[in-house]
Undergrad: 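What follows is a single structure, and I will ask about it in a moment.
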2 protein chains.
Amino acid sequence: MALGKNYEGQNCSLARALELVGERWTLLIVRDAFYGVRRYGDFLAHLDIPRAVLADRLATLVDAGVFERRRYQNSPPRDEYLLTDRGVELWSVVYPLWSWSERHFGDAEPLRTFRHAACGTQLDPAGRCPTCGGVDVSPRDVEAHTGPRMPAQPRRDPVSVALRQRPHRLLQPLF
Amino acid sequence: MALGKNYEGQNCSLARALELVGERWTLLIVRDAFYGVRRYGDFLAHLDIPRAVLADRLATLVDAGVFERRRYQNSPPRDEYLLTDRGVELWSVVYPLWSWSERHFGDAEPLRTFRHAACGTQLDPAGRCPTCGGVDVSPRDVEAHTGPRMPAQPRRDPVSVALRQRPHRLLQPLF
DNA sequence: CAGTGATGGTTCGTTGAATGAACTGACTGG
DNA sequence: CCAGTCAGTTCATTCAACGAACCATCACTG
């Protein structure tokens, strides 16, 4: 999407959110960050996003306090992009949207499931654990599992491969 | 946003959802539908959206089963756009996004609040009613209230005016 | 029954953002 | 010194958004 001053006339929190998070690619970048992707090159390989757009979106998200840019080595200087608390709270948007799509447009066999790490139960549509008394599950306590169905043409980039290999705790680095 | 075949390589429900709902304007149209807007001209006036874009989005959303187009008079023939059950379920995405933005970027005094119609309590960030034992509140049981803060330049279109006048039950027609 | 206005679009030229390929620059390891 | 990696930037092309004008249908008015 694009911001557009037009949204400004709306004077509405939803519109303000969409200026940031409603832009093309942005929410997929955030999704990848939940999967544990942290580096420019990994986002790039997993998303098939133009390099310039990725650089632009990351900069915007850092400005907005959704990502934090942190140096993890000095020579050569390399930074990684980590979700801040503000970014992690977007789980309450990302998961319901994923779930809505899965319910209404998904195949019988889901490609991926999100489970409460503590008990292995699949999250309900609102992101809670039915087994554990319907408590809200923080993304840090969620495991992404690969479902039985395989995509027709599995992707070969390192991120996709790692995600297929084994269940993976959200927000933990992939590599 | 735009669909782009690129998202297709993602093979992910989130990406599929974003092809539809992540396009520029789409979620604001859905928001207005929750407010009770139903007619082309009212969406147009309230959103300041180019006419062609609005027509395109509405057609796409009807195709996707998010809106239903229903004739409400025959001469001249006039249709209104109503959220289907599938569309109403987007409340679980729209409200958390609104809430996220309100928490992180909102002013101290919110412009609008969403309250459980049964008891008048403001919804919590997950969309539940704290007073009523934390039950999920369906959008049909939500009232939109205008907060104490007034926008600097209040809009004059009929939709904005109606929304300011009095608390309003979501999904009920505005006029 | 011609003129005016409401409604819900479509058309089209212009602007601006996304795309993708090439290039840059800092560094490393052999 | 050379090849390779990583994280970008630059730039020409493509495609979607914009916005103004136009169109069609019908109702109402004088």
Side-chain angles (χ1 to χ4, degrees), chain A residues 1-10 15 18-20 22-29 32 37-63 67 69-82 157-159 174-175, chain B residues 1-10 15 18-20 22-29 32 37-62 67 69-82 157-159 173-175:
Chain A
M1 200 169 293
L3 335 208
K5 326 98 206 178
N6 298 67
Y7 281 14
E8 283 162 27
Q10 293 298 318
L18 289 171
E19 286 182 18
L20 175 62
E23 281 192 304
R24 187 155 160 68
W25 295 112
T26 301
L27 232 37
L28 290 177
I29 294 171
D32 272 18
V37 175
R38 298 179 164 195
R39 288 160 39 178
Y40 181 88
D42 293 329
F43 285 111
L44 201 64
H46 189 229
L47 288 173
D48 284 331
I49 181 179
R51 308 177 77 91
V53 175
L54 177 59
D56 175 87
R57 294 296 183 276
L58 286 172
T60 303
L61 288 166
V62 168
D63 278 358
F67 278 95
R69 185 175 181 159
R70 199 177 60 180
R71 180 129 314 176
Y72 66 92
Q73 76 175 207
N74 277 310
S75 107
R78 289 285 179 263
D79 298 334
E80 58 188 2
Y81 297 90
L82 297 174
D157 62 277
V159 174
L174 264 177
F175 308 110
Chain B
M1 201 168 292
L3 336 210
K5 328 95 206 179
N6 297 66
Y7 281 12
E8 284 162 26
Q10 292 296 319
L18 289 171
E19 288 182 17
L20 175 61
E23 281 192 303
R24 187 154 161 68
W25 295 111
T26 301
L27 232 37
L28 290 177
I29 294 171
D32 273 17
V37 175
R38 300 180 163 192
R39 290 165 31 182
Y40 180 88
D42 292 330
F43 285 111
L44 201 63
H46 190 229
L47 289 172
D48 283 331
I49 181 178
R51 308 177 74 90
V53 176
L54 177 59
D56 176 86
R57 293 296 183 276
L58 286 172
T60 303
L61 288 166
V62 168
F67 278 96
R69 184 173 181 161
R70 198 178 61 178
R71 178 128 318 174
Y72 67 91
Q73 75 175 209
N74 277 311
S75 108
R78 289 287 179 262
D79 298 334
E80 59 187 2
Y81 297 89
L82 299 174
D157 63 276
V159 174
L174 264 177
F175 308 111

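Lettering of chains follows the sequences in order, A, B, ..., and the numbering in each one begins at 1.
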Undergrad: To check you understand the geometry: which heavy-atom pair defines the closest contact between B:Phe43 and B:Leu54, and what is its length?
TA: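 Smallest heavy-atom distance, with atoms named: CB-CD2, 3.8 Å.
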
Undergrad: What does the list of N/O pairs under 3.5 Å between the protein and nucleotides 13-15 of chain C look like, with a distance for each?
TA:
none

Undergrad: What heavy-atom pair brings B:Val37 and B:Val159 nearest, and what distance separates the two atoms?
TA: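 Closest approach of B:Val37 to B:Val159: CG2-CG1, 3.7 Å.
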
Undergrad: Can you sort out the partners of A:Arg51 under side-chain hydrogen bond (donor to acceptor under 3.5 Å, both in side chains), two or more places apart, ordered by chain and number?
TA: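 With neighbours one apart ignored, the set is empty.
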
Undergrad: Any donor and acceptor pair, going by atom type alone, linking the side chain of A:Arg69 with main-chain N or O of A:Leu82 inside 3.5 Å?
TA: no

Undergrad: Whole angstrom is fine here: how far is it from CG in B:Asp56 over to P in C:dC12?
TA: 17 Å

Undergrad: Taking only residues two or more places apart in sequence or in another chain, which ones pass side-chain hydrogen bond (donor to acceptor under 3.5 Å, both in side chains) with B:Asp56?
TA: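 For B:Asp56, no residue satisfies side-chain hydrogen bond (donor to acceptor under 3.5 Å, both in side chains) once neighbours in sequence are set aside.
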
Undergrad: Measure across A:Asp48 and A:Trp25 and return the closest heavy-atom pair with its distance rounded to 0.1 Å.
TA: O-CH2, 3.9 Å

Undergrad: Report the residues that fulfil side-chain contact (heavy atoms from CB on, under 4.5 Å) with A:Pro76, sequence neighbours left out, ordered by chain and then residue number.
TA: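 Partners of A:Pro76 by the side-chain contact (heavy atoms from CB on, under 4.5 Å) criterion, ordered by chain and then number, come out as A:Gln73, A:Arg78.
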
Undergrad: Suppose we screen for side-chain hydrogen bond (donor to acceptor under 3.5 Å, both in side chains). Which residues come up paired with A:Asp42, at least two apart in sequence or across chains?
TA: none

Undergrad: Could you run down the sub-3.5 Å N/O contacts of the protein with nucleotides 1-4 of chain C?
TA:
none

Undergrad: Separation of B:Glu23 atom CD from D:dA16 atom P, in whole Å?
TA: 9 Å

Undergrad: How long is the line joining CZ of B:Arg39 and C1' of C:dA6, in whole Å?
TA: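 Distance check: B:Arg39 CZ to C:dA6 C1' gives 10 Å.
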
Undergrad: What nitrogen or oxygen pairs link the protein and nucleotides 11-13 of chain D at under 3.5 Å?
TA:
none

Undergrad: Is B:Arg57 reaching over with its side chain to a backbone N or O of B:Ala52, donor-acceptor style, under 3.5 angstrom?
TA: no

Undergrad: For A:Glu23 and A:Glu19, which heavy atoms make the closest approach, and how far apart are they?
TA: CG-O, 3.8 Å

Undergrad: Write down the distance between CD (B:Gln73) and C1' (D:dC28), rounded to a whole number of angstrom.
TA: 14 Å

Undergrad: How long is the line joining CD1 of B:Ile49 and P of D:dC18, in whole Å?
TA: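 Result: 7 Å.
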
Undergrad: Atom CD of B:Glu80 to atom C1' of C:dT7: distance rounded to whole Å?
TA: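 Taking CD of B:Glu80 and C1' of C:dT7, I get 14 Å after rounding.
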
Undergrad: Nearest whole angstrom, please: distance from the C1' of D:dC26 to the OH of B:Tyr72.
TA: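 Result: 13 Å.
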
Undergrad: Choose from D:dC18, C:dA18, C:dT10 the nucleotide whose nearest atom is closest to any side-chain atom of A:Val53.
TA: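 Nearest listed nucleotide: C:dA18.
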
Undergrad: Would you say C:dA18 has OP1 or OP2 under 4.0 Å from some side-chain N or O of A:Arg57?
TA: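 The answer is yes; a side-chain N or O of A:Arg57 sits under 4.0 Å from OP1 or OP2.
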
Undergrad: Report the residues that fulfil side-chain hydrogen bond (donor to acceptor under 3.5 Å, both in side chains) with A:Arg38, sequence neighbours left out, ordered by chain and then residue number.
TA: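 Not a single residue meets the side-chain hydrogen bond (donor to acceptor under 3.5 Å, both in side chains) criterion with A:Arg38.
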
Undergrad: Is the shortest side-chain N to carboxylate O distance from B:Arg70 to B:Glu80 below 4.0 Å?
TA: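 Looking at B:Arg70 and B:Glu80, the cut-off is met.
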
Undergrad: Name the closest nucleotide to the A:Pro50 side chain, picking from C:dG8, C:dG20, D:dG19.
TA: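 Closest of the options to the side chain of A:Pro50: C:dG20.
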
Undergrad: Which atom names give the shortest non-hydrogen contact between B:Leu44 and B:Ile49, and what distance separates them?
TA: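 So the two residues come closest at CD1-O, 3.4 Å.
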
Undergrad: Base, sugar-phosphate or nothing for A:Tyr81? Non-hydrogen atoms, less than 4.0 Å.
TA: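 Sugar-phosphate, backbone atoms only, no base.
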
Undergrad: For nucleotides 22-29 of chain C, read 5' to 3', which letter fits each nucleotide if B means a protein heavy atom sits under 4.0 Å from the base, S means only the sugar-phosphate is that close, and - means neither?
TA: B----SS-

Undergrad: What I want to check is whether the side chains of B:His46 and B:Asp32 have a donor and an acceptor closer together than 3.5 Å.
TA: yes

Undergrad: Figure out the CG/C1' separation between A:Asp42 and D:dG8, and round it to whole Å.
TA: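 Checked: the CG to C1' distance equals 15 Å.
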
